[in-house]
Chemist: 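The structure's right below; bear with me while I get my questions together.
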Amino acid sequence: MLSGLINHEQSQQADQFPWLHEVPILGGLFSSQQFRNAETELVVIVTAHMRGDLQQQERRIEQSAQWIRDFQQQAGCIGLHDGYY
């Protein structure tokens, strides 16, 4: 694991109707309370992969580029941008 981050947030809110929330016994009917608890966790994991040798990669790239050129020629694609391979 490369890193981790935890965010914890709590909030409490009380709503009351003016003066009526102070009435004995019935005051609870004119007020409310809310409690919110939120927690978010972010974890970043990096995995290393071994790559083949550079010459093998270059051969694959050139082979892919040749396939694209062959397709473009057979399909009659003229004037397309050749910079994507």
Chemist: Answer yes if I61 and W67 sit in the same cluster of Ile, Leu, Val, Met, Phe, Trp and Tyr residues linked by side chain heavy atoms under 4.5 Å apart, and no otherwise.
Modeler: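 Shared cluster, no.
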
Chemist: Is L20 reachable from L26 through a run of hydrophobic residues whose side-chain heavy atoms are each under 4.5 Å from the next?
Modeler: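 Yes; L20 is reachable from L26 via cluster members.
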
Chemist: Any donor-acceptor pair under 3.5 Å linking the side-chain atoms of D15 with those of Q13?
Modeler: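 Yes, side-chain donor-acceptor contact under 3.5 Å.
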
Chemist: Is the number of heavy atoms from other residues, nucleotides or ligands within 6.0 Å of CD (E39) greater than 12?
Modeler: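 Yes, enclosed.
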
Chemist: Are R59 and Q56 close enough that a side-chain donor and a side-chain acceptor fall under 3.5 Å?
Modeler: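 Short answer, no.
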
Chemist: May I have the step-by-step check of side chain to side chain donor-acceptor pair (under 3.5 Å) for Q66 and R69, ending in yes or no?
Modeler: CA-CA 5 Å; Q66 185 61 45; R69 285 192 296 271; 2.8 Å; yes

Chemist: When you compare the side chain of R36 with that of E9, does any pair of heavy atoms fall below 4.5 Å?
Modeler: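 E9 reaches R36 side chain to side chain.
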
Chemist: Side chains of T40 and L42: closer than 4.5 Å at any heavy-atom pair?
Modeler: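 Side-chain contact under 4.5 Å: no.
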
